[in-house]
Amino acid sequence: MMNKHWITLSALLLIVTACDSTTTSASAHTGLKAEPAAAASSGAAKNVVLIDISGHWGETSIQKAVKKGYVDGYEDATFRAEKEVSRAEFIKMVLTAMGPDTAAAAKPAADVKQAGTEKELTVSAGEPANWYDSYVQKAQEIGIQRKEDFKEGDMNTSMTRLEMARIAVRATDPTLQKPEVRIDDRSVMYNATKKGLIQGLDAGDLAPDNTTTRAQSVTIIERILTVNSGGTLEVDKYALGNAELALKKTNIFTVMPEFFGGQIFFPWNMDNLTIETSDGLYKGVVTRVVAVDLEDPNDPNRGILGDLNELVWRASGRDYYNVADYPESYLFVVESHTEFNNDESETFYRKSTKGLDFSLYGILSPDGNSFRKGILNSFASVHHTNDRQSSIGAVILPKHGLQTDGGITLRLRVTSHPSAGANFKDVFRVITPAVIE
């Protein structure tokens with residue numbers, strides 16, 4: 001027997017880089033005509049006036065989709081842009097939009113009946129065929145949908161944004177269409193946002209479990225067609241940052257590309273975000289590493305440390321400067337916590353330790369005198385104004401003019417008595433220019 005080998009596209013690989021029964025037609029639910037594939041293939045312009053899309057955010061995409069013929073309005077000249085779309089409806093629209101070869105091969109029983117026959121078509125087992133069965137079968141044959149994709153509900157269930165994104169990334173990537181290739185949910189959203197197939201909602205919110213509307217569906221399909229024709233799409237940097245955080249527990253590669261977008265000396269390793277000491281007494285875990293662009297007033301993580309006006313950076317023992325006065329900078333925040341501390345006598349590890357400490361190795365401090373006078377020419381620790389001695393797990397870095405030794409390494413370590421030995425891990429190292437501009 002031939003053994004099957006499943007290939008899962010995980011974070012590491014990806015970094016390198018609802019309808020009725022058989023007697024009801026698809027058009028009754030989707031606004032699709034009986035022969036949409038023929039309309040799409042004929043290239044004939046369709047002069048359809050829809051009375052409810054003027055000023056809608058998806059108006060342009062809706063007009064394109066109707067003109068191409070893979071979706072239509074309703075008999076009352078409405079489009080109903082905010083109406084939810086089922087899994088079956090979305091799959092039909094995608095196949096029809098992708099061209100006559102896929103659509104014609106998936107001509108459903110309902111369409112044949114609407115074209116003139118009153119005979120109910122049945123599948124080979126003798127049960128009535130759903131109007132969408134042949135579309136689903138075709139989608140599975142070409143690899144844009146898998147039987148296991150929908151763990152709950154059925155083909156009549158409303159499509160979620162995650163489910164839509166999964167079909168979209170497969171429809172634009174032949175590798176993902178191969179039956180042996182698997183892609184997890186977080187990688188789906190990351191790749192969909194990275195390509196521009198999916199835009200975020202408010203503040204880049206991915207909302208993977210939200211249902212999909214007709215307007216959103218045709219917008220995504222238009223983006224699929226753009227990518228497949230060799231075009232590029234605008235990327236929502238907030239959505240991409242959120243997707244990166246969900247996938248890699250960091251957004252630094254999206255938010256700080258001039259720092260971390262270069263050649264990777266050794267890649268980001270999420271396993272190294274946890275340190276358990278060799279004596280078994282202490283364990284610390286980093287939950288997220290978050291970059292904040294202080295020059296962007298809409299950065300979704302701008303309030304991660306609270307009010308910027310209540311933050312200062314430390315230049316020396318007595319010299320502190322207001323973070324809010326340095327907009328051309330980044331905050332680099334490491335959120336961590338103590339998983340356990342079994343050193344009851346606090347011989348090595350203090351109970352007051354809240355998490356792991358960190359350093360950015362490779363960043364130089366070229367002019368200490370200027371630094372102490374408030375010239376941010378290196379990285380500096382950030383503190384709350386009412387507690388300037390306590391660490392809050394964050395540093396500030398200037399966007400321009402930072403000097404390095406040719407690379408930057410993120411190193412995590414356990415705060416401990418020297419006799420406990422060195423307990424640290426390097427998460428990754430990236431090659432950088434000598435001066436980051």
Side-chain angles (χ1 to χ4, degrees), residues 9 14 17 30-32 36-37 39-46 48 50 53 56-73 79 81 85 87 89-104 106 135 138-139 142-145 159-178 183 187-201 204 206-208 210 212-244 254:
L9 290 186
L14 295 171
T17 47
T30 65
L32 286 165
S41 62
S42 67
K46 302 180 69 176
V48 179
L50 299 170
I53 66 170
H56 190 278
W57 65 265
E59 180 178 1
T60 300
S61 293
I62 293 169
Q63 290 174 336
K64 288 181 179 179
V66 170
K67 186 175 182 179
K68 292 175 182 177
Y70 64 83
V71 69
D72 233 324
F79 185 77
V85 169
R87 294 162 173 170
E89 291 165 347
F90 184 75
I91 288 173
K92 177 175 182 178
M93 285 190 284
V94 172
L95 290 175
T96 307
M98 288 176 67
D101 292 340
T102 54
Y135 286 106
K138 186 62 179 180
I142 67 176
I144 67 172
Q145 192 256 323
M159 193 83 170
T160 68
R161 284 169 56 83
L162 172 60
E163 293 166 348
M164 178 175 63
R166 183 182 292 111
I167 288 177
V169 295
R170 288 197 186 121
T172 55
D173 189 336
T175 297
L176 296 179
Q177 295 167 16
K178 297 178 180 179
I183 181 169
S187 296
V188 163
M189 295 306 286
Y190 176 72
N191 281 270
T193 55
K194 189 174 183 179
K195 283 186 174 183
L197 293 166
I198 294 290
Q199 304 283 313
L201 304 181
L206 299 175
N210 280 21
T212 301
T213 66
R214 280 166 58 81
Q216 291 169 340
S217 296
V218 298
T219 299
I220 298 304
I221 293 169
E222 284 301 305
R223 292 172 185 163
I224 291 172
L225 299 179
T226 297
V227 172
N228 286 347
S229 64
T232 57
L233 300 170
E234 180 181 355
V235 174
D236 181 347
K237 65 179 181 180
Y238 303 140
L240 179 56
N242 287 337
E244 186 181 42
T254 295

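When reading the values below, keep in mind they use all heavy atoms of this one structure, side chains included, and skip hydrogens, waters and symmetry mates.
When each of Leu225, Ile224, Leu233 is paired with Thr172, the side-chain contact (heavy atoms from CB on, under 4.5 Å) condition holds for Ile224 and for no other.
Taking 4.5 Å as the limit, some side-chain heavy atom of Ile167 sits within range of a side-chain heavy atom of Met159. Using a 4.5 Å cut-off on side-chain heavy atoms (C-beta onward), Val85 and Thr213 make no contact. In this structure the side chain of Glu163 never reaches within 4.5 angstrom of the side chain of Thr212, judged on heavy atoms. Two residues are said to be in side-chain contact when any heavy atoms from C-beta on lie closer than 4.5 Å; Arg223 and Val227 fail this criterion. Between Tyr135 and Met93, the closest side-chain pair of non-hydrogen atoms is not below 4.5 Å. Side-chain contact between Thr219 and Gln199: absent, with no pair of heavy atoms (C-beta onward) separated by less than 4.5 Å. Contact annotation: the side chain of Phe90 approaches that of Ile221 to within less than 4.5 Å [non-hydrogen atoms, C-beta and beyond]. Using a 4.5 Å cut-off on side-chain heavy atoms (C-beta onward), Gln145 and Val94 make no contact.
Donor-acceptor pairing under 3.5 Å is recorded for the side chains of Thr254 and Glu244.
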Check your understanding: Given the rule in the side-chain contact (heavy atoms from CB on, under 4.5 Å) test, do Gln216 and Trp57 qualify, once you have shown the distances and angles that lead to the verdict?
Key -> CA-CA 10 Å; Gln216 291 169 340; Trp57 65 265; 3.8 Å; yes
Check your understanding: Could you go step by step and tell me if Asp173 and Asn191 meet the side-chain contact (heavy atoms from CB on, under 4.5 Å) rule?
Key -> CA-CA 10 Å; Asp173 189 336; Asn191 281 270; 6.0 Å; no
Exercise for review: Might you work through the side-chain contact (heavy atoms from CB on, under 4.5 Å) test for Thr193 and Val235, ending with a clear yes or no?
Suggested key: CA-CA 7 Å; Thr193 55; Val235 174; 5.8 Å; no
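In plain terms, the two heavy atoms of Asn242 and Gly204 that are nearest each other are ND2-O, 2.8 Å. Among all heavy-atom pairs drawn from Pro208 and Thr160, the shortest one is O-CB, 3.5 Å. Smallest separation of non-hydrogen atoms from Arg170 and Leu176: CD-O, 3.9 Å. The shortest heavy-atom contact between Met189 and Ala165 is SD-CB, 3.8 Å. The two residues Ala171 and Asn228 come nearest to each other via the heavy atoms O-ND2, 3.1 Å. Residues Leu95 and Ala139 approach most closely at CD1-N, 4.1 Å, considering heavy atoms.
The CZ atom of Arg166 sits 8.5 Å away from atom CD1 of Ile183, with the distance rounded to the nearest 0.5 Å. Note that CG of Leu206 is 12.5 Å distant from OH of Tyr190, once rounded to the nearest 0.5 Å. Leu197 contributes atom CG, which lies 12.5 Å from atom CG of Asp236 (distance to the nearest 0.5 angstrom). From Ser217, atom OG reaches atom CD1 of Ile91 across 11.5 Å, with rounding to the nearest 0.5 Å. Taking OG1 of Thr175 as the reference point, atom CD of Gln177 lies at 8.5 Å (rounded to 0.5 Å). Atoms NE2 and CD, on His56 and Glu59 in that order, are 9.5 Å from each other to the nearest 0.5 Å.
Salt bridge status for Arg214 with Glu89: absent, with no side-chain N to carboxylate O gap under 4.0 Å.
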